[in-house]
Protein chains: 2
Amino acid sequence: MSQNGGGIDLDKSLGYLLKEASSALRAAMEEVLRPLGMSVTHYSCLELLAQRPGLSNSELARGAFVTRQTMNVLLQALERDGYVTRPAEAPVGKVLPTRLTPRGRRSLEKATIAVRSVEVRMLAGMTETEQSDAFRILQSMIRSLRDGNDGA
Amino acid sequence: MSQNGGGIDLDKSLGYLLKEASSALRAAMEEVLRPLGMSVTHYSCLELLAQRPGLSNSELARGAFVTRQTMNVLLQALERDGYVTRPAEAPVGKVLPTRLTPRGRRSLEKATIAVRSVEVRMLAGMTETEQSDAFRILQSMIRSLRDGNDGA
DNA sequence: TAATCTATGTCAGGATACTGACATGAGTCA
DNA sequence: TGACTCATGTCAGTATCCTGACATAGATTA
């Protein structure tokens, strides 16, 4: 019944399932972040800065999977509201190293708790072996997709 | 070094990896669909209709992971350009069953070939066992995330 | 040194998807 | 039958993110 002339069977497609899982994860994260007035990209930016202080706009963009233009707009808002600081002039080159303010750190703490609950829920019912399998398999998929992008 | 005070270690987070994989997949699909003048949502809509002719606007939206408003705009464009047809009046209720036209079917054929190449590339280097593992694990993650949405 | 290439930060405009809102049709229940 | 609930299609406004473009700083190369 689900066999169409050469088409891709969505019910059996790993790509479709990947999109579905990602969509469900994003929706779950939006749900817990909304009460905190924070978007997923917003949270990603703060979490990246907590782990690697001094990241530049472009590096943050790559880490949050958006363009540097999009991240730039977000950083301007975060800076205006006092969550992050950037030097007025670049210490070297054009790169402006960004850092969390105490206020940004406090804001992140609540968000981290919320996001962790989603991650825990997602992992519920998976054995340790399945979790490491998932990790390895996802990395394999990413590597395969990236290699073909501009490598050949 | 990547240990921050109670934060989420992105390098070890399955959620982050899932987002990365999904982002890579989407980029790869956009790359092969762009020469055909087709977006991912555009393609998803056509593929859904090929497998389940007569799907409604709302059903297509859920299948493509967008809102019904977004899908409605897309369907209006696809109808205007002759890729799909919808009856002027609903046979029953308000639901307008949508079907591919021959032109839509031809357009989908090329897209399917392009998307299949991406899927094949993504699966490269994975054993059959790993593929079925990935399938089962992703389904587990989706189920866990959905259950907590409005269930409790 | 000078030329070229690459990466960065930023501005402007446009594409895409979402939230809010409304009227309508179908099912449920008293 | 009538009130209620729910899902649908659709319009309008908004938010979000992207593409295109520019000037500039550092690295690379001749």
Side-chain angles (χ1 to χ4, degrees), chain A residues 19 22-24 26-31 33-35 37-45 48-49 54-81 84-99 150, chain B residues 19 22-24 26-31 33-46 48-49 54-81 84-99 150:
Chain A
K19 187 173 178 181
S22 177
S23 174
R26 186 174 191 88
M29 286 182 66
E30 282 172 350
E31 189 178 358
L33 287 174
R34 193 175 306 119
M38 204 178 291
S39 74
V40 174
T41 306
H42 188 135
Y43 160 75
S44 300
C45 177
L48 282 164
L49 283 174
L55 242 43
S56 72
N57 175 32
S58 290
E59 290 168 328
L60 285 168
R62 282 190 291 267
F65 309 107
V66 296
T67 62
R68 60 206 154 99
Q69 292 90 330
T70 296
M71 183 55 71
N72 189 35
V73 172
L74 174 60
L75 279 183
Q76 286 173 352
L78 290 178
E79 193 174 14
R80 168 175 50 79
D81 297 341
V84 304
T85 52
R86 284 192 291 181
E89 296 213 349
V92 54
K94 300 189 67 179
V95 177
L96 293 174
T98 311
R99 293 183 178 277
D150 47 72
Chain B
K19 187 175 178 180
S22 178
S23 173
R26 185 173 190 88
M29 286 182 67
E30 281 172 350
E31 189 179 359
L33 287 174
R34 193 175 307 120
L36 303 174
M38 205 179 289
S39 73
V40 174
T41 306
H42 186 136
Y43 159 76
S44 300
C45 177
L46 263 48
L48 282 164
L49 283 175
L55 242 43
S56 73
N57 175 32
S58 291
E59 290 168 327
L60 286 168
R62 281 190 291 268
F65 310 108
V66 295
T67 63
R68 58 184 205 269
Q69 293 90 330
T70 296
M71 182 56 71
N72 190 34
V73 172
L74 175 59
L75 278 183
Q76 286 173 351
L78 291 178
E79 193 173 16
R80 167 174 50 79
D81 297 341
V84 305
T85 52
R86 285 192 291 182
E89 298 212 348
V92 53
K94 298 191 66 179
V95 177
L96 293 173
T98 312
R99 294 182 177 276
D150 47 71

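Quantities reported herein were computed from a predicted structural model and do not represent experimental measurements. Chain letters run A, B, ... following the sequence lines, proteins first and then strands; every chain starts at 1.
Comparing C/dT8, D/dC17, C/dC11 by their closest approach to the side chain of A/Q76 singles out C/dC11. The side chain of A/R86 sits closest to C/dT10 out of D/dA23, D/dT8, C/dT10.
Side chains of B/R26 and B/E31 form no contact here, defined as non-hydrogen atoms less than 4.5 Å apart. Put simply, the side chain of B/M38 does not reach to within 4.5 Å of the side chain of B/M29, judged on heavy atoms. With contacts defined as side-chain heavy-atom distances shorter than 4.5 Å, the pair B/R99/B/L49 does not qualify.
Residues B/C45 and B/L78 approach most closely at SG-CD1, 3.9 Å, considering heavy atoms. Contact between B/P91 and B/P87 at its shortest, heavy atoms only, is CD-CG, 4.3 Å. What you find for A/E89 and A/L96 is that their closest heavy atoms are C-CD2, 3.9 Å. Nearest heavy atom pair, residue A/M71 against residue A/T41, reads CE-CG2, 4.5 Å.
Annotation: the terminal axes of the helix from C/dT1-D/dA30 to C/dA30-D/dT1 meet at 40°, where each axis is the rotation carrying the C1' atoms of four end pairs onto the next four (5 pairs per end, rounded to 10°).
When rounded to the nearest whole Å, the span between CD of A/E89 and C1' of D/dA25 equals 13 Å. As rounded to whole Å, 11 Å separates atom P of C/dC11 from atom NZ of A/K94. The distance between atom CD of A/E30 and atom P of D/dT16, rounded to the nearest whole Å, is 10 Å. Regarding A/E59, its CD atom lies at a distance of 13 Å from the P atom of C/dA7, rounded to whole Å. Rounded to whole Å, the distance from CG on A/L75 to P on D/dT16 is 15 Å. Across the protein-nucleic acid pair, A/L60 atom CG and C/dT8 atom P stand 11 Å apart, rounded to whole Å. Between A/Y43 atom OH and D/dT16 atom C1' there is a gap of 20 Å when expressed in whole angstrom units. Note: CZ (A/R34) to C1' (C/dC18) measures 11 Å, nearest angstrom.
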Using atom types as modelled, flag every donor-acceptor pair under 3.5 Å from a side chain in residues 57-65 of chain A to any protein atom, sequence neighbours excluded.
residue	atom	partner	partner atom	Å
A/N57	OD1	A/N72	N	3.3
A/N57	ND2	A/R68	O	3.3
A/E59	OE1	A/S56	N	2.9
A/E59	OE1	A/S56	OG	3.3

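Within the structure, a side-chain polar atom (N or O) of B/T41 is placed less than 4.0 Å from OP1 or OP2 of C/dA17. For C/dT8, one of the phosphate oxygens OP1 or OP2 lies less than 4.0 angstrom from a side-chain nitrogen or oxygen of A/R62.
Of the residues in residues 64-72 of chain A, those lying under 4.0 Å from DNA chain C by heavy-atom distance are A/R68, A/Q69, A/N72.
Not a single donor-acceptor pair under 3.5 Å links the side chain of B/S23 to the backbone N or O of B/K19. Remark: side-chain polar atoms of B/S44 are paired, donor with acceptor, to backbone N or O of B/V40 under 3.5 angstrom.
Toward the 5′ end of DNA chain D lies the nearest nucleotide of B/L96, the other residue of the pair A/G93 and B/L96 mapping further downstream. The nearest heavy atom of DNA chain D to A/R26 and to B/S56 marks one nucleotide each, and the one closer to the 5' end goes with B/S56.
The residue B/S39 sits apart from the nucleic acid: no heavy atom pair falls under 4.0 Å.
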